[in-house]
Undergrad: 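Mind looking over this structure? Questions follow.
These numbers come from a predicted model, not from an experiment. In listed order, ligands and their atoms are each counted from 1.
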Amino acid sequence: MNSVFICLLCGLSCGVFGKSKELKGKYSVPILDVKTRELVLDTNQTLLLNCRGRWEVKWLLPAGLASDQESARVEQSRCGRTAQQYCSRLTVRRALVNHTGMFRCRYRRRTRRQTSVYVYVTDSRRPFVELRGNSPDVLFMKEKQPLVIPCRVTHPNVTATLVKFHDHKLPPDHRNIIWNSRQGFIIRSPNYFYVGLFFCQATVNGTTHSSHIYFVHRPVSNIMKVYLNSSDPVQALKGERMALNCTATGELNTRVNITWDYPGKKNNTGSVTKRILNNKTHLLFYSILTIPRLQRTDRGLYTCSVTSGGKLKQEKVTVSVYDRPFIRLKPRHGAVLKAQAGQKSYRISPKLKAFPTPEVIWLKDGKVAAEQCSRYHMDDNSLVIRDVAEEDAGTYTVLVRIQEHRLFQNLTLKLDVNVSPQIGEKAVSLQDPGSVPQGSRQALHCTSRGFPPPNIHWLWHPCPTKGLSAAPRA
Ligand SMILES: *[C@@H]1O[C@H](CO)[C@@H](O)[C@H](O)[C@H]1NC(C)=O
Ligand SMILES: *[C@@H]1O[C@H](CO)[C@@H](O)[C@H](O)[C@H]1NC(C)=O
Ligand SMILES: *[C@@H]1O[C@H](CO)[C@@H](O)[C@H](O)[C@H]1NC(C)=O
Ligand SMILES: *[C@@H]1O[C@H](CO)[C@@H](O)[C@H](O)[C@H]1NC(C)=O
Ligand SMILES: *[C@@H]1O[C@H](CO)[C@@H](O)[C@H](O)[C@H]1NC(C)=O
Ligand SMILES: *[C@@H]1O[C@H](CO)[C@@H](O)[C@H](O)[C@H]1NC(C)=O
Ligand SMILES: *[C@@H]1O[C@H](CO)[C@@H](O)[C@H](O)[C@H]1NC(C)=O
Ligand SMILES: *[C@@H]1O[C@H](CO)[C@@H](O)[C@H](O)[C@H]1NC(C)=O
Ligand SMILES: *[C@@H]1O[C@H](CO)[C@@H](O)[C@H](O)[C@H]1NC(C)=O
Ligand SMILES: *[C@@H]1O[C@H](CO)[C@@H](O)[C@H](O)[C@H]1NC(C)=O
């Protein structure tokens, strides 16, 4: 009994070991049963592909087959020795020329792990996969990007010639004009020569076939200027409507794509209206983003991106949204300010933040400052005093108001003007008091001015007598 139990345990653990060893490394990508990178099939033949992996797999089919669901059958099953693997069998009972393309098998969840095979479905009467339609397809030439004329073929050995309408033949040159049976013609660095009508020609078994026709267009992409009608940060109140106007100017013929990025984009809080104006020499493209009712979540960066043929220009503006109008006003350095008489200029600038833009008035001693003295003027919200003088001392009041919201605030500051002390008697030429009788009573006067009021100290200097100073020299 005991030994059987041990064996069971052992078997179980061996099984686990065996499994992890088998899975490690193997099937990191799903595996196809065909070992070649490409297959060539005849029309009406059956295409059978098997794919196996350690997780569920999924097929990615060429466009011509994906849109033709009835032709392809997929059967999923568990497979492998202990049925721990996933298998998928793809059957295309009657392959058609337009099933030509890349067949990919990949993990359903780890989609980057895939294996592929390119399948050509051949028909000697139809060397080109795409049928010749009635009207040409438009291909856009992009600057500094290869141009592909997609005349891919149904057999790897078919080589084609590129033809520019009507009869200019351009065989592959392995430098700029590259032939690729899976893609068609690749023009590595296209220029104006490649603008116009093109098609491909292939001769199979003595018969010449032509592909579908392509019109190569080179969009003019000269965006010259992009501007937002507000370059300064935008401030707005919650609930208000906000509109931003992004304008792009381009040469005539330019095609542009204007897109907006903004905080509410995911929620679709904004709506965009577009207009194009032709002023004979230029095209003006307008894109107006409107947010009908601003919320706090609409704060942030608004970007208008204009692209045209691979070129990109952007303009940005930040938007602040306030819950309600406000005035915040306080002194910057205390309520008493000090200036010095004779200073070239002195700025009184309290801290002021307000929205919307307030009206600001400065008073000096209760009267409008600018009307009192031509040396007073407002700069921004500050009051600037030129050539500071003693008479500028006093009380200054700044009145801030936002009339439409009935908001008022004021702040009063006291300005002291320091005046350097001056001695009045120095201005007039002092008369020598002369000699006075010893023992008499004398009054000496000193008149001083200044702010703050100066302190006066008297110093006594003994007069140097002639005899004393001469004595050492004698
Ligand atoms: C494929 O089968 C269809 C129907 O049997 C037939 O009409 C067609 O000619 C076949 N194509 C080729 C290339 O054999
Ligand atoms: C593929 O070719 C068949 C006939 O040749 C046609 O009926 C079908 O619409 C084509 N499918 C595509 C996607 O072109
Ligand atoms: C070329 O034509 C011959 C006879 O017309 C035919 O037997 C042969 O299969 C054709 N080859 C190709 C590649 O279509
Ligand atoms: C394609 O061409 C190569 C060499 O040019 C030749 O070996 C091969 O058999 C050809 N394939 C087919 C299917 O004709
Ligand atoms: C905003 O866009 C309109 C087009 O609807 C335009 O007429 C107007 O001049 C633009 N305003 C500004 C300020 O750019
Ligand atoms: C920008 O343009 C929009 C739409 O024309 C307008 O509503 C808005 O007031 C303009 N803003 C500025 C700052 O001119
Ligand atoms: C414009 O840009 C958007 C976003 O990049 C893109 O989805 C759209 O296809 C573009 N439109 C054109 C005509 O290029
Ligand atoms: C988007 O909508 C959700 C739900 O209404 C909201 O919670 C979120 O803040 C919104 N985001 C923005 C950027 O508007
Ligand atoms: C057209 O608009 C551009 C860009 O705004 C300007 O430079 C040009 O002078 C305008 N031309 C005419 C004829 O108004
Ligand atoms: C300044 O505001 C106070 C109330 O904060 C008000 O009583 C006073 O009248 C205001 N002064 C002036 C000059 O508006």
Side-chain angles (χ1 to χ4, degrees), residues 39-47 64-65 68 70-72 91-100 119-129 131 153-155 158 202 204-205 207 209 220-229 231 245-254 256 258 274-288 304 306 308 313 315 326-331 335 348 350-352 354 358-372 378 381 383 394-403 405-415:
L39 285 177
V40 182
L41 251 66
D42 280 325
T43 309
N44 287 343
Q45 270 191 322
T46 299
L47 171 65
L65 183 57
D68 181 7
E70 282 159 28
S71 303
T91 315
V92 182
R93 202 152 287 289
R94 304 176 112 232
L96 296 174
V97 161
N98 58 9
H99 297 163
T100 298
V119 178
Y120 293 91
V121 184
T122 302
D123 183 339
S124 60
R125 293 165 304 178
R126 197 177 148 188
F128 295 106
V129 177
L131 275 176
V153 288
T154 60
H155 192 284
V158 172
V204 179
N205 234 358
T207 313
H209 302 264
V220 181
S221 56
N222 240 337
I223 328 167
M224 294 183 312
K225 262 191 302 185
V226 173
Y227 54 92
L228 278 172
N229 67 342
S231 50
N245 202 352
C246 182
T247 310
T249 337
E251 283 174 9
L252 295 179
N253 270 328
T254 306
V256 305
I258 307 187
K274 295 188 175 181
R275 270 186 71 194
I276 302 179
L277 251 145
N278 182 341
N279 81 353
K280 294 210 174 71
T281 60
H282 293 86
L283 283 179
L284 305 172
F285 302 87
Y286 296 107
S287 177
I288 298 166
C304 166
V306 182
S308 177
K313 283 194 184 176
E315 281 297 318
F326 67 92
I327 298 174
R328 280 200 290 271
L329 178 64
K330 59 181 185 183
I348 309 179
K351 281 189 182 170
L352 170 61
E359 204 185 331
V360 176
I361 298 167
W362 279 94
L363 304 181
K364 187 195 174 207
D365 299 325
K367 288 184 225 142
V368 177
E371 288 171 8
Q372 285 193 58
M378 264 182 70
N381 294 321
L383 182 76
T395 56
Y396 289 83
T397 303
V398 59
L399 306 178
V400 180
R401 67 180 176 206
I402 303 170
Q403 200 98 33
H405 296 287
R406 303 186 160 277
L407 286 177
F408 304 93
Q409 285 245 349
N410 65 44
L411 176 72
T412 299
L413 300 166
K414 185 169 179 292
L415 179 69

Undergrad: Could any protein non-hydrogen atom be found less than 4.0 Å from atom 14 (O) of ligand 1?
TA: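 It does; a protein heavy atom is within 4.0 Å.
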Undergrad: Report the C-alpha separation of Thr395 and Asp365 in whole Å, then their side-chain angles, then the decisive distance to 0.1 Å, and conclude whether the side-chain hydrogen bond (donor to acceptor under 3.5 Å, both in side chains) test is met.
TA: CA-CA 5 Å; Thr395 56; Asp365 299 325; 3.1 Å; yes
Undergrad: Under a 3.5 Å cutoff, is there a donor and acceptor pairing between the side chains of Asn98 and Thr100?
TA: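 No, no side-chain donor-acceptor contact under 3.5 Å.
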Undergrad: Looking only at protein heavy atoms, which one is nearest to atom 7 (O) of ligand 9, and how far off is it?
TA: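 For this ligand atom, the closest protein heavy atom is His282 CE1, 4.2 Å.
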Undergrad: For atom 2 (O) of ligand 1, which candidate among Leu96, Thr43, Asn44 provides the closest heavy atom?
TA: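 The residue whose heavy atom sits nearest atom 2 (O) of ligand 1 is Asn44.
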Undergrad: Do we see a donor-acceptor contact under 3.5 Å between the side chains of Thr412 and Thr397?
TA: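 Yes, Thr397 and Thr412 have a side-chain donor paired with an acceptor closer than 3.5 Å.
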Undergrad: For Thr397, state whether at least one heavy atom is located under 4.0 Å from any atom of ligand 10.
TA: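 It does not; every heavy atom stays at 4.0 Å or beyond.
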Undergrad: If you measure every N or O of Asp123 against every N or O of ligand 1, does any of those distances drop under 3.5 Å?
TA: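 N/O-N/O distance below 3.5 Å does not exist for this pair.
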Undergrad: Starting from atom 9 (O) of ligand 10, what is the nearest protein heavy atom, named by residue and atom, and what distance separates them?
TA: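 Answer, as residue, atom name and distance: Asn410 ND2, 4.6 Å.
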Undergrad: Do other residues, nucleotides or ligands put more than 12 heavy atoms under 6.0 Å from Lys367 NZ?
TA: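 Open: at most 12 neighbouring heavy atoms sit under 6.0 Å from NZ of Lys367.
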Undergrad: Checking the N or O distance criterion of under 3.5 Å, is ligand 9 in contact with Thr249?
TA: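 N/O-N/O distance under 3.5 Å: no.
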Undergrad: Counting distance only, does the side-chain N/O of Thr46 pair as donor-acceptor with the main-chain N or O of Arg93 below 3.5 Å?
TA: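 Yes; at least one donor-acceptor contact below 3.5 Å.
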Undergrad: Note the single closest protein heavy atom to atom 11 (N) of ligand 9, along with its residue, its atom name and the distance in Å.
TA: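 It is Asn279 ND2, 2.9 Å.
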Undergrad: Within the 4.0 Å heavy-atom shell around Leu399, which atoms of ligand 10 are there?
TA: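 In order of number, 12 (C), 13 (C), 14 (O).
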Undergrad: Between His405 and Ile402, is there a donor-acceptor pair closer than 3.5 Å when you use the side chain of the first and the backbone of the second?
TA: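 No; judged by distance alone, with no hydrogens or angles, the pair does not exist.
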Undergrad: Is Asn279 reaching over with its side chain to a backbone N or O of His282, donor-acceptor style, under 3.5 angstrom?
TA: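 Yes: the side chain of Asn279 pairs with the backbone of His282.
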Undergrad: Hey, which atoms in ligand 9 end up nearer than 4.0 Å to a heavy atom of Thr281?
TA: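 Going through ligand 9 atom by atom, the ones under 4.0 Å from Thr281 are 1 (C), 10 (C), 11 (N).
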Undergrad: With a 3.5 Å distance limit and no angle check, can you tell me whether Trp362 reaches the backbone of Leu399 through a side-chain donor-acceptor pair?
TA: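 No: the side chain of Trp362 does not pair with the backbone of Leu399.
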Undergrad: Heavy atoms of the protein only: does one fall short of 4.0 Å from atom 5 (O) of ligand 10?
TA: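 No, because not a single protein heavy atom sits under 4.0 Å from atom 5 (O) of ligand 10.
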